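Given the structure is predicted, the values throughout are model-derived calculations rather than measurements. Numbered from 1 within each chain, the chains take letters A, B, ... in sequence-line order.
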Protein chains: 2
Amino acid sequence: MELTLAVSRLSALAHEGRLSVFRLLVQAGVLGLAAGEIARRLEVLPNTLSANLNVLAHAGLIRSRRQGRSIIYTANFDHMRDLLGFLVEDCCGGSPEICSPLAEVLRAACCAPQA
Amino acid sequence: MELTLAVSRLSALAHEGRLSVFRLLVQAGVLGLAAGEIARRLEVLPNTLSANLNVLAHAGLIRSRRQGRSIIYTANFDHMRDLLGFLVEDCCGGSPEICSPLAEVLRAACCAPQA
DNA sequence: TCCATATTTCCATGCTACTGGAAATATACG
DNA sequence: CGTATATTTCCAGTAGCATGGAAATATGGA
């Protein structure tokens, strides 16, 4: 991943409203949520939400699809993964005792199998 | 982790100069790098670097220690781990097939053992 | 003590992003 | 076709952040 792309994604997330939206969509998984539903849950103005969704979408962190009158938003997990990978690229300078717990956190916070 | 804390850390990273510094320190591992060495490698003005280091330190992403005339900066891997964990918290809505590759990326990009 | 190195602080300018109200667009339904 | 719902676009005022020059502080060595 390119540096500027990572910056634009981090910038998109570096905002209380947008980070809340993104985490909500991450938790919602593949089904996603309609814009109105997000606005209701987070209690934000629809125009503010729209702007924030636009920033997240432009950064490639979320996708949208129309469904009737609603527009459903979902997290883009592939791009999220790339971003996390970029942050830890070539990390630790050869100290696996630092790096291992870094990998462990995803297994813990995530619904990934307990393998 | 609190939302506002995560935002402040993401904000600190959402900047080309600071992200470059942070990744450099992540790669440097526990030994860290002196401010001057960072400035030399990234070719930035010392005052600009100082401001950026200050932002990263204030966000808890890096630590500093004096060593002679130099000040050595190191990444704060614990806080980095917390941030990554916050982003993926309760993720995927019960879809391990999405979450597993998310965890996998750390094993791949990182020096963690191939266990 | 004097000087060189290392890093930080101060400061002024310009730019970019956030906010919320109001209007506009798009879809669905009777 | 007219109305209700869902979402977006437009706009203007405000505030916070980045930048780079110059000076200040701190440590080490002669």
Study note, to complete from the structure: Quick tally for nucleotides 25-30 of chain D: nucleotides whose base has a protein heavy atom under 4.0 Å get B, sugar-phosphate-only ones S, the rest -, giving --BS--
Exercise for review: Return each pair, listed once, that meets side chain to side chain donor-acceptor pair (under 3.5 Å) where at least one residue sits in residues 54-77 of chain A; pairs must be two or more places apart or across chains.
Suggested key: A:N76-A:H79
Practice item. Under 4.0 Å from any atom of DNA chain D, heavy atoms only: list the residues of residues 3-41 of chain B that qualify, in numerical order. Key: B:H15, B:R18
Check your understanding: Does the side chain of B:F86 reach to within under 4.5 Å of the side chain of B:R9, using non-hydrogen atoms?
Key -> no
Practice item. Would you name the heavy atoms of B:L87 and A:M80 that are closest together and state the gap between them? Key: O-CE, 3.4 Å
Review point. Quick one: how far along DNA chain C does chain B reach, first to last nucleotide 5' to 3', anything under 4.0 Å to a heavy atom?
Key: C:dA4 to C:dT9
Review point. Between B:L13 and A:L13, is any pair of side-chain heavy atoms under 4.5 Å apart?
Key: no
Point to revise | Interatomic distance where CZ belongs to A:R65 and P belongs to D:dA6 [whole Å] | key: 17 Å
**Study point:** Note, A:H15 side chain near B:V7 side chain (heavy atom, < 4.5 Å)
**Key:** no
Check your understanding: Would you say B:L53 and B:I71 make side-chain contact, with heavy atoms under 4.5 Å?
Key -> no
Review point. Between A:L49 and A:V21, is any pair of side-chain heavy atoms under 4.5 Å apart?
Key: yes
**Study point:** Test log, rule side chain to side chain contact (heavy atoms under 4.5 Å, CB included), inputs A:D90 and B:V26
**Key:** CA-CA 8 Å; A:D90 300 325; B:V26 164; over 6 Å; no
Review point. Does some side-chain heavy atom of B:E16 sit less than 4.5 Å from a side-chain heavy atom of A:L3?
Key: yes
Exercise for review: Taking only heavy atoms on the protein side, list every residue of residues 44-53 of chain A lying under 4.0 Å from any atom of DNA chain D, sorted numerically.
Suggested key: A:P46, A:N47, A:S50
Practice item. Answer whether the closest heavy-atom distance between the side chains of B:L25 and B:L61 falls below 4.5 Å. Key: no
Review point. Are the side chain of A:R23 and the backbone N or O of B:C91 linked by a donor-acceptor pair below 3.5 Å?
Key: no
Donor-acceptor pairs are to be reported for all side-chain atoms of residues 28-46 of chain A against protein atoms at under 3.5 Å, with residues two or more places apart or in another chain.
from  : atom 1 : to    : atom 2 : distance (Å)
A:E37 : OE1    : A:R40 : NH1    : 2.7
A:E37 : OE2    : A:R41 : NE     : 2.8

